[in-house]
Amino acid sequence: MAVSRRTAVAALAALPLAAPAALAAPATKDTPRMYGLIGKMRAQPGQRDALIAILLEGTAAMPGCLSYVVAKDLADADALWITETWDSRESHKASLSLHSVQQAIAKGRPLIAGFGERFETEPVGGQGLMGKSTA
């Protein structure tokens, strides 16, 4: 079976993306799986920057949080994306009861118009995971 040049180039281009996952150490009971969330949030019209400020002010001291990124959606002036990486699902769940997180939720709730897509992931490593490696 002949492989087209386009297929071969696509496969080679995807190889660096697949390598970190292939090299990642499997989770064991001593090293729990990381937990990730990617979610879209819609602010009330014109309130996106105020909502972003609230989301960012209560995130400095969340035990187990390896990465918490709030990003503006470039196609929608009222939408934003939140990408989180945690050392475990349990750490994420525990963060919801932190006083600073509860305050941010209460303060931000009136500025939230709704939610869009929400994806749960299992991060396996990569750049920016605060000390976590892919091997």
Check [X] against [Y] and note the closest heavy-atom contact, atom names and distance.
X	Y	answer
Tyr68	Leu55	CE2-O, 3.8 Å
Asp73	Arg48	O-NH1, 3.0 Å
Lys40	Ala79	CE-CB, 3.7 Å
Ala113	Gln44	CA-NE2, 3.6 Å
Pro123	Gly36	CD-N, 3.4 Å
Ala61	Leu98	O-CD1, 3.9 Å

Got a list of side-chain donor-acceptor pairs under 3.5 Å for residues 102-110, not counting sequence neighbours?
residue : atom : partner : partner atom : Å
Gln102  : NE2  : Leu96   : O            : 2.3
Gln103  : NE2  : His99   : NE2          : 3.3
Lys107  : NZ   : Glu57   : OE2          : 3.2

To which residues is Phe119 joined in a hydrophobic cluster, defined by side-chain heavy-atom contacts under 4.5 Å among Ile, Leu, Val, Met, Phe, Trp and Tyr, whether direct or through other members?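 Members alongside Phe119: Ile38, Trp81.
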Exercise for the section: For residues 89-100, pull every pair meeting salt bridge (charged side-chain N to carboxylate O under 4.0 Å, His left out), keeping only residues two or more places apart or in separate chains. Expected result: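 For residues 89-100, and leaving out neighbouring residues, the salt bridge (charged side-chain N to carboxylate O under 4.0 Å, His left out) pairs sorted by first residue read Arg89-Glu120.
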Honestly curious: do Val69 and Val124 fall in one hydrophobic cluster under the side-chain, below-4.5 Å linking rule?
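Per the 4.5 Å side-chain linkage, Val69 and Val124 are not co-clustered.
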| Contacts of Ser95 that satisfy side chain to side chain donor-acceptor pair (under 3.5 Å) - sequence neighbours left out |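 None.
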Side chain to side chain donor-acceptor pair (under 3.5 Å) against Gln47, all qualifying residues, sequence neighbours excluded
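If we apply the side chain to side chain donor-acceptor pair (under 3.5 Å) test to Gln47, skipping adjacent residues, there are no hits.
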- Task: Check side-chain contact (heavy atoms from CB on, under 4.5 Å) between Ile112 and all other residues, then give those that pass, not counting sequence neighbours.
- Result: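 Here the qualifying residues are Met41, Leu51, Phe115.
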ask   = Between the main-chain N or O of Gly46 and the side-chain N or O of Asp78, is there a donor-acceptor pair closer than 3.5 Å?
value =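 Checked: pair present.
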Check: Arg118 side chain, Leu37 main-chain N or O, donor-acceptor pair, under 3.5 Å
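Judged by distance alone, no pair lies under 3.5 Å.
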inquiry  = Which residues pass the ring-ring contact (aromatic ring centres under 6.0 Å, His included) test with Tyr35, not counting sequence neighbours?
reply    =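 Here the qualifying residues are His92.
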Are Met34 and Thr121 packed together at the side-chain level, in the sense that at least one heavy-atom pair is separated by less than 4.5 angstrom?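 With C-beta onward as the side chain, the pair stays apart.
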Practice problem: Please list, chain by chain and in numerical order, all residues satisfying salt bridge (charged side-chain N to carboxylate O under 4.0 Å, His left out) with Arg42, sequence neighbours excluded. | Solution: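 Asp76.
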